[in-house]
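Please read through the structure below; I'll follow up with questions.
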Amino acid sequence: MHFHRQLLHVVRVVSDIISLSISFLCSIYFISTTQSRPLLLSDYFLLFSLLVSWFFSSRMTGLYNEFRSRNFSFELIIVIKNVLIQVISIVVIIFLMKEITLSRSFVLIYAFGLFCGLTIERFIIRRVLNLLRRRGRNLRQILIVGAGEVGRNFFDAVVSNPHFGYKVIGFLDDQSKNYLNGQYLGTIDALDKILSTSVVDDVIVALPTYATERLDWVIKTCDNYPTRVRIIPDYFRFMSEKFEISMFDRFPVISVRTIRLDELHWYVLKRVFDAAFSVMLFILVFLWLWPLIVLMIKFSSPGPVFFKQERWGRGNKKIICYKFRSMRADSKDIDDCGKYQQATKDDPRITKIGRFLRKTNLDELPQFWNVLKGQMSVVGPRPHPTPLNLESKEIIDNYLLRHLVKPGVTGWAQVSGYRGETKDPILMQKRVEHDIWYIENWTFWLDIQIILLTVWQMIKIDTKGY
């Protein structure tokens, strides 16, 4: 097994060297034929320098690490990093050695050819490895210490992803687990015997946090054998997919979830976009659209044009949220039992014009004033009225995590179909789950996508808007 892993590593390295050399020589040939430039000795020196640069950059970026449990996109990102380092290396070498005369077109052709070659090569290697692993070849033997919920979930993940190339030989646990269908190999004390009689590449420790003495014994036992120890913390169940590990002096600190918008440059980008987008709407659209909506509201029912309501923003901070009034002026938000009344289908409180405004999302347009004030964002979790927040936070899991970022005029939950009434707790839970997914996976392009989907829903008139 160890020989096969070494062979695979050599194949990957040699394949990359061949791809790099072919890309370089093809780029030189193209430049030579178009610019009547002969192949020079300095070109071979440049190729040698790029190979040396590749040697160091590939190790720095972990290009030849095992990517069994990683998506292909993750490996491609590392490839892109190495290609960029190659481009920087070419520019630096050409700048330092004036004997090398190559145009910018050479750099672009080389970078493009190298990226395509490496991508195709890695795709083929992955396909071949996946085929071999499904046939029981190129597998890493795993022993799981701890047959609790964490250990069993890890086992299920291995079984569900055979292309990862792992095989679980069994479980060790101090409590008998007869329901493991023959996978239970005995107590943890049997670890030494199993490691001495079986080939075990990795020992996965999935013990509860209170079993520190057993954990120490497991690690010391494994140190006597050529096997790697991997620990799954018992508190892993509290983490999101976007957790982060950092060092505080000598102490590793795990952040349960990370939020990109906590980073200053992303926060500034989103805020600048919010302000610019809102100003553009006020100048190009609202100057003529708002007077029309104001007249429709005034002629349809007596009362104020705008509706103001207390809602919760970032950090549970209370804000006054603005909307075009879509209900009768004497409508009440709280019923006789003191419970918040959400708008429902055929709600008698909603005016005829109000029904149109709500279905087309036009009643939300005054919230762009909240955006300009910095209280809201164009895209984010929709803000809920204070009474609804108080009710929901008691019955909906992770409800207040929505308030880690600014609320939005539109949001991922809304364009995903979770708009409108949420009296059913399941619907509110789904909305919260979508909001949390947005917070943890935010990108600028995701915001653009949500804005375009919102415009599309406004055009087709969403049936859930009532």
Side-chain angles (χ1 to χ4, degrees), residues 1-9 62 64-71 74 125-126 128-241 243 245 252 254 256:
M1 187 68 69
H2 182 65
F3 170 76
H4 291 156
R5 288 200 295 272
Q6 285 186 326
L7 178 61
L8 176 60
H9 178 79
Y64 297 117
N65 293 346
E66 284 194 282
F67 298 107
R68 289 173 179 262
S69 58
R70 293 285 193 174
N71 294 328
F74 179 86
I125 290 176
R126 276 200 172 236
V128 172
L129 288 176
N130 288 347
L131 180 63
L132 290 174
R133 288 164 182 168
R134 291 182 187 278
R135 294 183 177 181
R137 308 289 297 276
N138 189 242
L139 300 178
R140 294 184 66 88
Q141 304 277 77
I142 290 179
L143 175 67
I144 302 178
V145 178
E149 182 181 358
V150 175
R152 295 196 305 273
N153 288 342
F154 181 84
F155 172 78
D156 292 339
V158 171
V159 173
S160 302
N161 297 278
H163 58 282
F164 286 172
Y166 291 105
K167 179 183 178 181
V168 177
I169 63 175
F171 290 85
L172 294 180
D173 198 285
D174 284 337
Q175 295 182 359
S176 178
K177 308 288 183 180
N178 297 324
Y179 55 82
L180 292 176
N181 298 323
Q183 291 285 334
Y184 179 67
L185 304 180
T187 65
I188 298 176
D189 292 327
L191 176 63
D192 190 55
K193 180 181 179 181
I194 291 176
L195 292 180
S196 62
T197 57
S198 305
V199 177
V200 180
D201 294 298
D202 296 274
V203 173
I204 306 298
V205 182
L207 294 173
T209 53
Y210 57 80
T212 53
E213 292 184 3
R214 297 302 270 166
L215 176 61
D216 290 342
W217 185 85
V218 168
I219 294 175
K220 289 178 181 178
T221 302
C222 291
D223 286 342
N224 296 322
Y225 297 91
T227 185
R228 292 187 295 185
V229 180
R230 302 178 186 271
I231 302 173
I232 304 177
D234 185 40
Y235 45 80
F236 185 78
R237 64 184 184 274
F238 300 117
M239 300 180 192
S240 71
E241 294 181 359
F243 72 93
I245 300 178
I254 300 177
V256 175

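Scope of the values below: all heavy atoms of this structure, side chains included, with no hydrogens, waters or symmetry mates.
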* **Chi angles and distances behind the salt bridge (charged side-chain N to carboxylate O under 4.0 Å, His left out) call for D202, R140** => CA-CA 7 Å; D202 296 274; R140 294 184 66 88; 3.0 Å; yes

* Asked: Distance from D201 atom CG to R230 atom CZ, nearest 0.5 Å?
  -> 10.0 Å

* Asked: To the nearest 0.5 Å, how far apart are CD1 in I232 and CD1 in I144?
  -> 7.0 Å

* Mind checking whether D173 and I188 have side chains closer than 4.5 Å, heavy atoms only? -> no

* Counting only N and O atoms by type, is there a donor-acceptor contact under 3.5 Å from the side chain of T227 to the main-chain atoms of C222? -> no

* To do: Enter the distance from F154:CZ to E149:CD here, rounded to the nearest 0.5 Å.
  => 15.0 Å

* Stepwise, does the side-chain contact (heavy atoms from CB on, under 4.5 Å) test hold for L191 with L143? -> CA-CA 9 Å; L191 176 63; L143 175 67; 3.5 Å; yes

* **Spatial distance of atom NZ (K193) from atom OG1 (T221) [nearest 0.5 Å]** => 15.0 Å

* Please assess Y225 against V203 for the test side-chain contact (heavy atoms from CB on, under 4.5 Å), listing each intermediate value before the final yes or no. => CA-CA 11 Å; Y225 297 91; V203 173; over 6 Å; no

* Working to the nearest 0.5 Å, report the span between CG of L215 and NZ of K220. => 10.5 Å

* Structure fact -> Sequence neighbours excluded, the answer for ring-ring contact (aromatic ring centres under 6.0 Å, His included) partners of F155 is F171

* CG on L172 to CG on L207, rounded to 0.5 Å -> 9.5 Å

* Asked: Distance-only, no hydrogens or angles: does the S198 side chain make a donor-acceptor pair with backbone N or O of L195 under 3.5 Å?
  -> no

* Does some side-chain heavy atom of I169 sit less than 4.5 Å from a side-chain heavy atom of I142? -> no

* Asked: With sequence neighbours excluded, what pairs up with R152 under the side-chain hydrogen bond (donor to acceptor under 3.5 Å, both in side chains) test?
  -> Y179

* Asked: Any Lys/Arg nitrogen of R214 or D174 sitting under 4.0 Å from an Asp/Glu carboxylate oxygen of the other?
  -> yes

* V145 vs I204, side-chain contact (heavy atoms from CB on, under 4.5 Å): CA-CA, chis, key distance, verdict -> CA-CA 6 Å; V145 178; I204 306 298; over 6 Å; no

* **side-chain hydrogen bond (donor to acceptor under 3.5 Å, both in side chains) involving T187 - partner list, sequence neighbours excluded** => none

